[in-house]
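Reading through the structure tokens given below for one structure.
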Amino acid sequence: MRHLNTKLEATSNSSDARRNLSLLAGQRGLSMAAWTMANPSVVLVYLAVANEVPIFLAGMLVSVRSAANMLCALFAADHAAARKHKKIDIAWTNVFLTICFLMAVFSLLVGSATVIGASFVLIVAAIGLMEQYQIMLKSDFVGDVLESEDRTRMTYSSLALGGAFAICMTWLVHIGMADYPRVAAHSTVVGIAAVFFLLAAIVILLVREVIRDQPRAEREAGAARPTGGVVAALRAFRDNALQLLAMPWFRQFIAVRFALLTIRLSVPFFAILAALTHSSDHRGLTAMVISTATGFVVSGPLWAAVSKVSNRFVMLMGGVLAALCGAVLVVHHFFHLPGNVFIHAATLFAVTVAAEGVTNARSLYYLDIAPKKYRVRGLAVSKTIIRLAGLLVTTIMAAAAHMQHVLWAIGILAALNLAAGTAAFLLAGGQPKPQPAQRLS
């Protein structure tokens with residue numbers, strides 16, 4: 001009888017794992033489509049520049065998002081770790097994102113350049129806060145309900161699924177609204193993204209959640225909530241950071257994240273250049289969204305195959321590819337080579353492939369080496385440290401783009417990306433095993 005019960009339990013667990021894998025791949029696909037069609041780093045930056053928002057402010061939208069991410073990681077990590085039914089919280093974060101992007105649509109339809117700029121700053125700040133909280137929830141949630149191999153399959157299959165959704169919907173809007181004003185077509189794209197966030201909220205609720213009971217001492221160490229306001233939260237962050245930095249696996253992960261910092265930061269500057277060049281072209285935003293979405297479609301099978309060699313090889317190839325994209329744009333513009341919107345679409349496609357490769361390789365690398373006890377706190381501390389560095393880099397690049405030309409920022413980032421891929425490849429070698437949780441309590 002015991003053998004039969006064990007067999008039935010194993011069968012049930014296997015069925016739940018397959019169900020969760022399918023649902024999470026679909027849910028992440030919807031989320032990826034939504035983020036593609038309303039990406040703050042591409043779409044909102046493009047729309048800001050196209051509506052005559054100053055280049056410095058458009059570039060600083062990335063810094064605003066990073067600052068919001070950092071504040072959320074600093075003050076909400078323990079709260080996220082302590083949440084028991086994380087899928088419900090993830091669903092609510094998607095509802096909040098839906099509201100934020102609908103507000104962006106409203107500002108585009110009725111606002112002046114000043115109103116759009118101010119609105120986008122506030123909206124992107126709110127998006128950044130909720131985005132980071134959702135990332136912390138999802139990191140722990142996916143780590144609980146999926147095994148390492150299934151996490152890899154879900155990550156790369158959902159990229160292709162989300163990209164396909166975004167391509168189909170954006171192309172339908174482009175064809176169906178060809179005779180409408182540009183602002184109406186662009187607003188529709190962002191509005192559809194808001195709907196996708198809402199659908200993703202519904203799908204996540206269907207996942208069968210795994211609730212793991214932890215010993216009291218581990219629960220208190222891994223999910224203690226700071227009390228006493230901002231000072232106590234900062235003190236708790238300091239203590240968490242010092243504790244984590246004493247662990248070899250975390251120090252190595254921080255080094256890898258530092259190395260890969262500039263690759264994703266390249267994307268919004270590609271979007272600024274495209275907006276400056278093609279903002280009057282009806283195909284401009286459509287080309288940017290479809291090229292980004294196609295990048296997601298290609299990223300899935302491409303990096304899934306490369307990751308079989310190693311995640312660090314993905315990081316190396318991503319850095320080299322991002323550097324080549326920047327170099328192509330610099331050469332194209334400085335030497336006045338013939339081209340049109342498709343040059344910018346092609347380079348944005350390639351840099352998206354690069355950014356997705358290094359981001360997902362980095363995330364999978366983290367889930368493989370981070371102990372459950374420190375998973376959320378480690379993510380929060382690492383993001384806060386990296387976001388501080390990112391704020392500085394983005395501000396410098398935005399100032400260079402505003403005072404000189406955005407190509408200067410793109411050229412500098414291209415050189416840094418080449419170094420980034422090489423450094424990450426070397427730093428991630430010989431992945432350390434997680435430290436036993438009982439050594440630091």
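Just so you know, residue 1 is the first one in the sequence shown, and it goes up from there.
Checked by atom type and distance alone, the side chain of Thr170 never pairs as donor or acceptor with a backbone atom of Ile167 at under 3.5 Å. For the pair Thr394 (side chain) and Leu391 (backbone), a donor-acceptor distance under 3.5 Å is absent. With hydrogens and angles ignored, the 3.5 Å screen pairs no side-chain donor or acceptor of Lys86 with any backbone N or O of Phe141. A distance-only check finds a donor-acceptor pair linking the side chain of Arg19 to the backbone of Leu206 [under 3.5 Å]. Within the 3.5 Å criterion, the main-chain N or O of Leu198 finds no donor-acceptor partner in the side chain of Asn94. The closest donor-acceptor contact from the side chain of Thr98 to the backbone of Ala194 lies under 3.5 Å. Side chain of Arg28 to main chain of Ser158: no donor-acceptor pair is present (N/O by atom type, distance under 3.5 Å, no hydrogens or angles). At least one donor-acceptor pair closer than 3.5 Å links the side chain of Asn360 to the backbone N or O of Glu356. At least one donor-acceptor pair closer than 3.5 Å links the side chain of Ser382 to the backbone N or O of Leu379. Using modelled atom types, no side-chain atom of Gln27 and backbone atom of Ala201 make a donor-acceptor pair closer than 3.5 Å.
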* To do: Walk me through it: do Asn39 and Thr292 pass the test side chain to side chain donor-acceptor pair (under 3.5 Å)?
  => CA-CA 10 Å; Asn39 189 340; Thr292 304; over 6 Å; no
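In terms of the side chain to side chain donor-acceptor pair (under 3.5 Å) criterion, Ser66 has no residue partners (sequence neighbours excluded).
The aromatic ring centres of His174 and Trp171 sit less than 6.0 Å apart. Residues Trp35 and Phe197 place their aromatic rings such that the two centres sit under 6.0 Å apart.
No more than 12 heavy atoms of other residues, nucleotides or ligands lie within 6.0 Å of CZ in Phe106, so this atom counts as exposed by the packing criterion.
Heavy-atom minimum distance, Leu205 versus Ala91: CD2-CB, 3.8 Å. Scanning all heavy atoms of the two residues, the minimum distance from Leu427 to Ala259 falls at CD1-CB, 4.2 Å. Annotation for Ala48 and Ala58: closest pair CB-CB, 4.2 Å, computed over non-hydrogen atoms. Residues Ala293 and Ala166 share a closest heavy-atom pair of CB-CB, 3.6 Å. Here the closest heavy-atom approach between residue Lys87 and residue Val207 is recorded as NZ-O, 2.7 Å. A pairwise comparison of heavy atoms in Ala38 and Phe101 identifies O-CE2, 3.1 Å as the closest pair.
Inter-residue side-chain proximity for Gln243 and Tyr374 is flagged as met; some heavy-atom pair is nearer than 4.5 Å. Residues Lys383 and Arg257 are in side-chain contact: their nearest non-hydrogen atoms beyond the backbone lie under 4.5 Å apart.
His332 and His344 have perpendicular rings, their planes meeting at more than 60° on a 0 to 90° scale where under 30° would count as parallel. Relative orientation of the Trp249 and Tyr366 rings is tilted, given thresholds of 30° and 60° on the angle between their planes.
With Phe120 as reference, Leu61 is the one residue of Leu61, Val115, Asn51 to meet the side-chain contact (heavy atoms from CB on, under 4.5 Å) rule.
Annotation: the span from Leu245 atom CG to Asn240 atom CG amounts to 10.5 Å, rounded to 0.5 Å. Rounding to the nearest 0.5 Å places CG of Leu316 at 10.5 Å from CG of Leu260. If you take CG on Leu348 and OG1 on Thr294, they are separated by 10.0 Å, rounding to the nearest 0.5 Å. Atom CG in Leu137 sits 10.0 Å away from atom CD in Gln132 (nearest 0.5 Å). Atom CG of Leu413 is separated from atom CD1 of Ile410 by 8.0 Å, given to the nearest 0.5 angstrom. Remark: Arg377 CZ to Phe250 CZ distance equals 10.0 Å, nearest 0.5 Å.
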